[in-house]
Amino acid sequence: MEVGSLPVELWRLILAFLPLPDLGRCCLVCRAWRELVLSLDSTRWRQLCLGCPECRHPNWPRRPHLPPVSWREALRQHALASRTWTQNGSDLHSSACLHLFRRRKDRRVWHVGTVPGGGYETLRGALAAAGPYDKVVLHAGVYEEQVEVSLKVPVEIVGMGKLGDVSLLVSFDQQCPTARLCNLVFMPAWFSPVVYKTSSGHVQLDNCNFEGCQLHIRGPGTCQARFCSFAQGSSAHFLGVAISLMDSCEFSGGDSASVTVEGAPVSERNWAFKHLVALAKTFTMMTSNGSTEISNQGGKDIMGAGSHGHTPLEGVNTMEDWNKQEVDWETNWAKQKGGDSLLPSQDGTMIEEDGMETSSESSEEDDEQDGDKSTGLKLSYDQHGLAHLSKADTPDSSAFPALLNLSAELQRDTEARELAASVQGCLLRRCLLRDGKGGVHLCNHGQARLEANVFRGLNYAVRCIQNAKMVMLRNEVCGCKASGVFLRLSAQGLIAENNIHSNGEAGLDIRKGANPIILCNRIHSGLRSGIVVLGNGRGSIRSNQIYGNKEAGVGNHIFQGLAAGIAVNENGRGLITENVIRQNQWGGADIRRGGDPVLRNNYICYGYSDGVVVGERGRGLIEGNHIYGNRGCGVWVMSSSLPQLIGNHITHNRMYGLAVFCRKDTESAVSREGYRSLQERERGVGIGERDRGGPENFNEEGELMAWETVGVYVKSSEPLNVVANMVNSNRGAGVSVIQSAQLTRLVGNCVLSNGWTGVAVDRECRVELRGNGVYGNNCHGVCFRGDGLIVENDVVGNNAVGIRVMDSADVKVLRNRVQALRGYGISVKERVRGVVQENLVYQGHSTSTKTTIRTNAQNLECVVLNNSLLTPRSQALWALENPPPRPHNSNPSSVTPSTLPAHLAITMTNRITASVESGCHNNGSIFCSIL
């Protein structure tokens, strides 16, 4: 019979009345018939799947309102899974038409309960009569046994009718190789909460309810549970299992962990091990192919109605957009406005800092500068060692690194790839764990694999401790009262492609030597932190999206958090790479209290406060990051910390590019529990004062202050090295050293095109400038009021004095090359002590009548000798040569500490301002390097 002889719609109507065996036979007729039968997926196959008494809706319990991709495939998977328990019987085979068993004369069916024709009155009696692989059918009723029931032979126990019609108050001890229980309700017997246990055999549980009881599986025993409900505090315990599967189960209402996995997998294997591994790998492949299911649904539920409804790369994308925004501190977010914006507490009047040149000196500056504003004899300095970083391009989100997907991450990480492929221990798949104390608890070398589950409304979702190992893929973790996922005590594992959101504490909490690999997760909308790494915690955190958390977050594409983007403290460690961390209220990264992470190749931008904060006793390597567009400092470093900053691009921040501060006082430092938001600092709330009550003005006079934008700002009582950085195009000074009780060394930096003085050194500061290039700044090249050395620098093309030494400075100015376009090359004023020797001063203007070196004739304590003046023979040849313009290279041999990466990259800074703490501590670190 040809299919085409009747309309396809009529054939579908006819086939819709066929039972499952006949549909299978029709598929074997020809290809056209097969395609016709397969086209019945949403009609007949759906009816067959939902009408099966041994399973529930394929998407139960997580999303029963959503249809599966294919009803026929769901029914096929159920048929394959439901007959696993018989695979050890070599003489038993299923038919080709999805029958569980081929009818055999020696496989009998025993009835228990009130049934026409008679049957056994008790379950124990029927089990005593049953032979291997017989089926025991329980009719509606409640069955209770006063003592433990032992299963001696393989048997199948099935409840008749709907789920709930048959209840068991029985405690089973399985001593046979295999068994299956289906369509039953388990309740605890009077003498034990454990309703089922096995230590060697395999048990299959289909469509069962557990109410207030426990399931115990001990290795090498195995378990496969499908479409089961664990309610009223029921739980499953796995001890030393090699493998067990929990598929599409629901856990609710527990006062302890719903699933506990304890002990390393035993080496002994039972017969079911290889079959369960094969089935688990099939599940894993199916989950991988449909990996976007949870994330898509989570996005609809979470992102659809809130303010985060855009993708991570949308939102504020350009610096122009960012500069048009104003922060609304009441709502914690930015609002659009026209024109330029002021920070909170600013009235448009800039109050200058102590270390900047004040307006009272303007007459002296006019006297030092040439009145001719025409073009001077400009020296070429474009070929200096950091010339490749001279461009001050406005950053844009198009420069963000693309997030790698999980497949790409696994390709480049062998350890993560091996973890993702591993199938051992307890496998929890497509389960719902809700409204209880805990979800999954792994301890004492236990192993588990969690795939496509939903954890909701628990105290915690997953706790992994004591050398346990887990693989956690494509789960949703939300609404936990504490942290979503805990890792402690050397726990390990892979946590990838999960949607972790709306939790009361941290999304991920890593402490005490735990070292997970965290890839491609969405961690957002938490009431506290996204990820915290504390107490010797470690980890590799890559390609995550972490946003909208009210405190710290950690990871990739981290944006719109209500506090810091990254928090690493209490000796926390970890590798945090290739992240986009943006729009966090308190800053991008916060490292303190012994935190020692590697923060590499991240984009930290558009924060409402500082980009990176290295607080008290913070450490770590901060390398190759792009830090820009933050309303506070680019990098804020406390001088009691020991970070290494190497190869960072710090641009277009509204406050200092790099600020190094000392601690305010010992008492307030004790209470530094977190990092202050920008508005608190603007209002004068010191660190540690927030918890004590009212705000205190930040400066000593009790006035609110706003600051000129400075590239590098130093107020520290510790030794400091600033080596091989590009400090470029800041509105204020390039480098400002306000306080430096011990030696601050500026070596091999390029300070270029800043809006005020290139390098400003205040009174009583000890500073060494060596091998720097100070070019094209809008005021003086170097203004030096402290003590120290200015040796072998190129100070060229600045708009006022080249090197200005004043007050009671004690300084040696040696072997520098200097040119000022409109002022003296070198100006030595007032009571300066020291030596100005062997400097080469280039003529700044062809018509200038001023001397190139200005000194105070009454000052006998400053020696000026052997300095040279050079005038151009040809404007075309007017350039710095032999040696070429400084800095010469980006890898000076004098860098401290000595253990640096193989290459030394550069730091670039733009547009910065900040407030300053008063007072300094007397203890702290010995050394800090900014490289």
Side-chain angles (χ1 to χ4, degrees), residues 354-358 360-370 714 733 735-747 751 757-774 777 779-796 798-844 848-870 886:
D354 293 340
M356 304 296 293
E357 310 293 337
T358 60
S360 62
E361 297 170 345
S362 59
S363 60
E364 296 181 5
E365 293 178 6
D366 292 341
D367 181 58
E368 292 179 341
Q369 296 179 8
D370 199 315
V714 179
V735 179
S736 180
V737 183
I738 300 300
Q739 178 177 312
S740 178
Q742 300 193 48
L743 182 63
T744 293
R745 300 176 67 240
L746 280 71
V747 180
V751 184
T757 301
V759 179
V761 178
D762 206 0
R763 303 174 183 90
E764 299 181 359
C765 293
R766 297 180 56 202
V767 177
E768 175 185 343
L769 275 66
R770 186 183 296 270
N772 301 283
V774 184
N777 296 285
C779 191
H780 310 301
V782 176
C783 183
F784 205 97
R785 297 180 176 179
D787 302 335
L789 299 172
I790 305 175
V791 180
E792 297 179 353
N793 302 279
D794 289 343
V795 186
V796 172
N798 299 286
N799 228 16
V801 178
I803 299 177
R804 188 185 196 212
V805 185
M806 55 192 304
D807 291 351
S808 58
D810 187 350
V811 62
K812 294 181 180 180
V813 183
L814 307 175
R815 300 186 297 281
N816 300 281
R817 296 185 294 187
V818 184
Q819 184 206 41
L821 295 181
R822 296 179 51 225
Y824 297 104
I826 300 175
S827 174
V828 181
K829 300 178 63 178
E830 300 170 1
R831 301 177 301 279
V832 172
R833 302 186 304 275
V835 177
V836 180
Q837 184 176 355
E838 297 180 4
N839 297 283
L840 180 59
V841 183
Y842 292 76
Q843 184 177 351
S848 176
T849 59
K850 290 186 177 182
T851 61
T852 56
I853 299 179
R854 173 187 176 179
T855 59
N856 186 351
Q858 299 179 352
N859 184 2
L860 303 179
E861 297 186 25
C862 183
V863 178
V864 181
L865 53 89
N866 296 336
N867 299 285
S868 302
L869 172 65
L870 184 64
R886 297 181 176 96

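It should be emphasised that the depicted structure is a prediction, and the values quoted were computed from it without experimental measurement.
- Listed for the D762 side chain is no donor-acceptor partner under 3.5 Å among the backbone atoms of V737.
- If you take CG on N793 and CG on N772, they are separated by 5.0 Å, rounding to the nearest 0.5 Å.
- Taking CZ from R745 and CD from E768, the interatomic distance works out to 5.0 Å, rounded to the nearest 0.5 Å.
- For the pair L869 and Q843, the tightest heavy-atom approach, listed with the atom from each and the gap, is CD1-N, 4.0 Å.
- Taking 4.5 Å as the limit, every side-chain heavy atom of D787 sits out of range of all side-chain heavy atoms of V811.
- Between the side chain of N859 and the backbone N or O of E861, at least one donor-acceptor pair lies under 3.5 Å.
- In this structure, G786 and A809 approach most closely via the heavy-atom pair O-CB, 3.0 Å.
- The distance from atom CZ of R833 to atom CZ of R831, rounded to the nearest 0.5 Å, is 9.5 Å.
- Here L865 contributes atom CG and Q837 contributes atom CD; the two are 4.5 Å apart, rounded to the nearest 0.5 Å.
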(request) Assess whether side chain to side chain contact (heavy atoms under 4.5 Å, CB included) is satisfied between V835 and L814, documenting all intermediate values. (result) CA-CA 8 Å; V835 177; L814 307 175; 4.2 Å; yes

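- Residues I826 and V841 have side chains in contact (heavy-atom distance under 4.5 Å, counting atoms from C-beta outward).
- Under the side chain to side chain contact (heavy atoms under 4.5 Å, CB included) criterion, L840 pairs with R817, Y842, S868, L870, not counting sequence neighbours.
- Looking at residues two or more places apart in sequence or on another chain, you find a side chain to side chain contact (heavy atoms under 4.5 Å, CB included) between N798 and V774, N777, V795.
- Using a 4.5 Å heavy-atom threshold, the side chains of F784 and V767 count as touching.
- Of the possible polar contacts, none joining the N856 side chain to the V828 backbone as a donor-acceptor pair under 3.5 Å is found.
- Remark: N867 engages N839 in a side-chain hydrogen bond (donor to acceptor under 3.5 Å, both in side chains) (not counting sequence neighbours).
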(request) Decide yes or no on side chain to side chain contact (heavy atoms under 4.5 Å, CB included) for I803 and N816, but give the supporting numbers first. (result) CA-CA 10 Å; I803 299 177; N816 300 281; 4.2 Å; yes

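- Considering CD1 of I853 and OH of Y824, their distance stands at 12.0 Å, rounded to 0.5 Å.
- Side chain of E764 to backbone of A741: no donor-acceptor contact under 3.5 angstrom is found.
- Closest non-hydrogen pair, G802 versus A820, comes out as N-CB, 3.5 Å.
- Qualifying side chain to side chain contact (heavy atoms under 4.5 Å, CB included) partners for E838, counting only residues two or more places apart in sequence or in other chains: R815, N866.
- Annotation: side chain to side chain contact (heavy atoms under 4.5 Å, CB included) contacts of L860 (sequence neighbours excluded): none.
- Note: C862 SG to K829 NZ = 14.0 Å, rounded to the nearest 0.5 Å.
- Side-chain contact between I790 and V782 is present, with heavy atoms from C-beta onward closer than 4.5 Å.
- Between the side chain of S740 and the backbone N or O of Q742, at least one donor-acceptor pair lies under 3.5 Å.
- With sequence neighbours excluded, the residues satisfying salt bridge (Lys or Arg N to Asp or Glu O under 4.0 Å) with D807 are R763, R785.
- Judged by distance alone, with hydrogens and angles left aside, the side-chain atoms of H780 form a donor-acceptor pair with the main-chain N or O of V801 at under 3.5 Å.
- Side-chain contact between T744 and L746 is present, with heavy atoms from C-beta onward closer than 4.5 Å.
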